[in-house]
Amino acid sequence: MRAIIHYFERDFKKWTRGRINVFSSLMMPAAWLILVGLTLPTKFTDNYLEFITPGILVMTMLFSSIQGGSLMIFEKMLGFLNKFLAMPAPRESILFGKIMFITTRGMLQTTVILIIATLLGVRLQNPMNIVLIYITLFLFGVLFSSISTTIALYLSDHDGYAAVSSMVSMPLFFTSSALMPYDVMPEWLRFMAHLNPVSYAIDSIRELFTGGIPFEGIAGLAVAAVVMLMIGTYRFRKATV
């Protein structure tokens with residue numbers, strides 16, 4: 001556990017030293033929330049900001065998690081990964097520390113979104129559901145951080161990973177239930193949205209905003225996160241033999 005925290009602290013310190021990167025990563029999701037939530041005209045709801053906030057929260061975690069795989073690419077390109085592997089700490093601690101940092105960074109971004117949404121009038125029915133919202137976002141972050149780092153292990157250059165991450169993240173977001181409810185979607189989009197794992201996280205958080213507790217959604221994300229973490233760990237061991 002100490003080794004995992006060490007690798008986490010390394011990435012976190014490196015991120016916080018780049019003030020422009022920190023500012024942009026925190027402000028861009030806020031811009032999405034304000035510019036889309038307050039300006040996009042809709043007919044299916046009288047409060048689109050309240051409807052879209054769960055989608056922006058999950059979008060923030062999705063993009064942060066997918067982009068996090070580039071950290072593994074840089075470690076490979078710059079030779080740091082090989083140096084870390086020579087250390088006595090368990091090899092898996094490198095992967096777990098990376099996933100912990102990527103998820104934590106996403107959680108900080110979603111906290112900014114929650115604060116801004118609250119200031120703009122979005123309210124939770126039950127304050128205790130805030131904890132469950134963070135748990136849901138954490139599980140979702142672990143799931144896609146595991147996916148992104150696993151993909152990064154198969155690639156050898158940053159440009160290739162950037163192309164793959166864009167190809168994965170944008171379709172996942174726009175074919176989810178983030179921007180509109182299922183009943184106003186075209187039939188083909190409704191079918192894709194129901195299969196989209198991003199929709200499960202959004203629907204769970206949307207239910208938490210209204211005071212419900214989505215046991216099935218949270219349990220499903222937990223199972224998916226554990227399975228993907230195991231796959232990522234297996235792939236990491238194979239790639240670093």
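The two residues Ile102 and Gly69 make their nearest non-hydrogen contact at CD1-N, 4.4 Å. Shortest non-hydrogen contact noted between Met185 and Arg190 is O-NH2, 2.8 Å. Across Ala178 and Phe173, no two heavy atoms sit closer than the pair CB-CE1, 3.4 Å. Minimum interatomic distance between Leu137 and Ile205 (heavy atoms only, all atoms of both residues): CD2-CD1, 3.5 Å. Residues Val142 and Ser146 approach most closely at O-OG, 2.7 Å, considering heavy atoms. Among all heavy-atom pairs drawn from Ile66 and Ser148, the shortest one is O-CB, 3.7 Å.
At least one side-chain heavy atom of Met72 sits under 4.5 Å from a side-chain heavy atom of Leu95. Residues Ile115 and Thr118 fail the side-chain proximity criterion, which asks for heavy atoms closer than 4.5 Å. Using a 4.5 Å heavy-atom cutoff, the side chains of Phe63 and Met59 are in contact. Contact annotation: the side chain of Leu229 approaches that of Phe96 to within less than 4.5 Å [non-hydrogen atoms, C-beta and beyond]. In this structure the side chain of Ser65 never reaches within 4.5 angstrom of the side chain of Thr103, judged on heavy atoms. Phe174 is not listed as a side-chain neighbour of Met192, based on a closest heavy-atom distance of 4.5 Å or more. Residues Tyr161 and Gln67 are not in side-chain contact: their nearest non-hydrogen atoms beyond the backbone lie 4.5 Å or more apart. When side chains are defined from C-beta on, Ile133 does not count as touching Phe138, because their heavy atoms never get closer than 4.5 Å.
In terms of hydrophobic clustering, with Ile, Leu, Val, Met, Phe, Trp and Tyr side chains grouped at heavy-atom distances under 4.5 Å, Ile151 and Tyr234 are assigned to different clusters. Leu172 and Trp188 fall within the same hydrophobic cluster, where Ile, Leu, Val, Met, Phe, Trp and Tyr residues are linked whenever their side-chain heavy atoms come under 4.5 Å apart, directly or through other members. Note on Val122: it does not cluster hydrophobically with Met128, by side-chain heavy-atom contacts below 4.5 Å among ILVMFWY residues. Criterion: ILVMFWY side-chain heavy atoms under 4.5 Å apart, direct or through other members. Under it, Met228 and Val223 are part of a common hydrophobic cluster. A single hydrophobic cluster is seen to contain both Val227 and Ile99, as judged by linkage of ILVMFWY side chains at heavy-atom distances under 4.5 Å, directly or through other members.
Classification of the Phe144-Phe140 ring pair by plane angle, with boundaries at 30° and 60°, yields tilted.
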Stepwise side-chain contact (heavy atoms from CB on, under 4.5 Å) check, Phe12 with Arg17: CA-CA 9 Å; Phe12 189 81; Arg17 286 171 183 165; over 6 Å; no

One pair to check against side-chain contact (heavy atoms from CB on, under 4.5 Å): Phe209 and Leu57. What are the steps and the verdict? CA-CA 12 Å; Phe209 265 79; Leu57 288 172; 3.9 Å; yes

Please test Lys13 against Phe101 for side-chain contact (heavy atoms from CB on, under 4.5 Å), starting from the C-alpha separation and ending with a verdict. CA-CA 10 Å; Lys13 289 179 180 178; Phe101 164 70; over 6 Å; no

The test is side-chain contact (heavy atoms from CB on, under 4.5 Å); show your working for Phe236 and Thr149 and say whether it passes. CA-CA 9 Å; Phe236 185 80; Thr149 50; over 6 Å; no

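Note that CD1 of Ile56 and CG of Leu114 are 12.0 Å apart. Values are rounded to the nearest 0.5 Å. Between Leu139 atom CG and Met61 atom CE the span is 10.0 Å, to the nearest 0.5 Å. Atoms CD and CZ, from Glu50 and Arg123 in turn, are 10.0 Å apart once rounded to the nearest 0.5 Å. With rounding to the nearest 0.5 angstrom, the CD1 atom of Ile94 is 10.0 Å from the NE2 atom of His6. Expressed to the nearest 0.5 Å, how far CD1 of Ile116 lies from CG of Leu49 amounts to 10.5 Å. To the nearest 0.5 Å, the span separating OG1 on Thr136 from CD1 on Ile218 amounts to 4.0 Å.
Contacts classified as side-chain hydrogen bond (donor to acceptor under 3.5 Å, both in side chains) and involving residues 192-209 (residues at least two apart or in different chains) are given here: Thr175-Asn196, Ser177-Asp203, Tyr182-Asp203. Residue pairs that meet the salt bridge (charged side-chain N to carboxylate O under 4.0 Å, His left out) test with at least one member in residues 97-111, sequence neighbours left out, are Asp11-Lys98, Glu75-Lys98.
Looking at Gln109 and Ser64, their side chains do bring a donor and an acceptor atom within 3.5 Å of each other. Of the N and O atoms on the side chains of Thr110 and Tyr134, not one donor lies less than 3.5 Å from an acceptor on the other residue.
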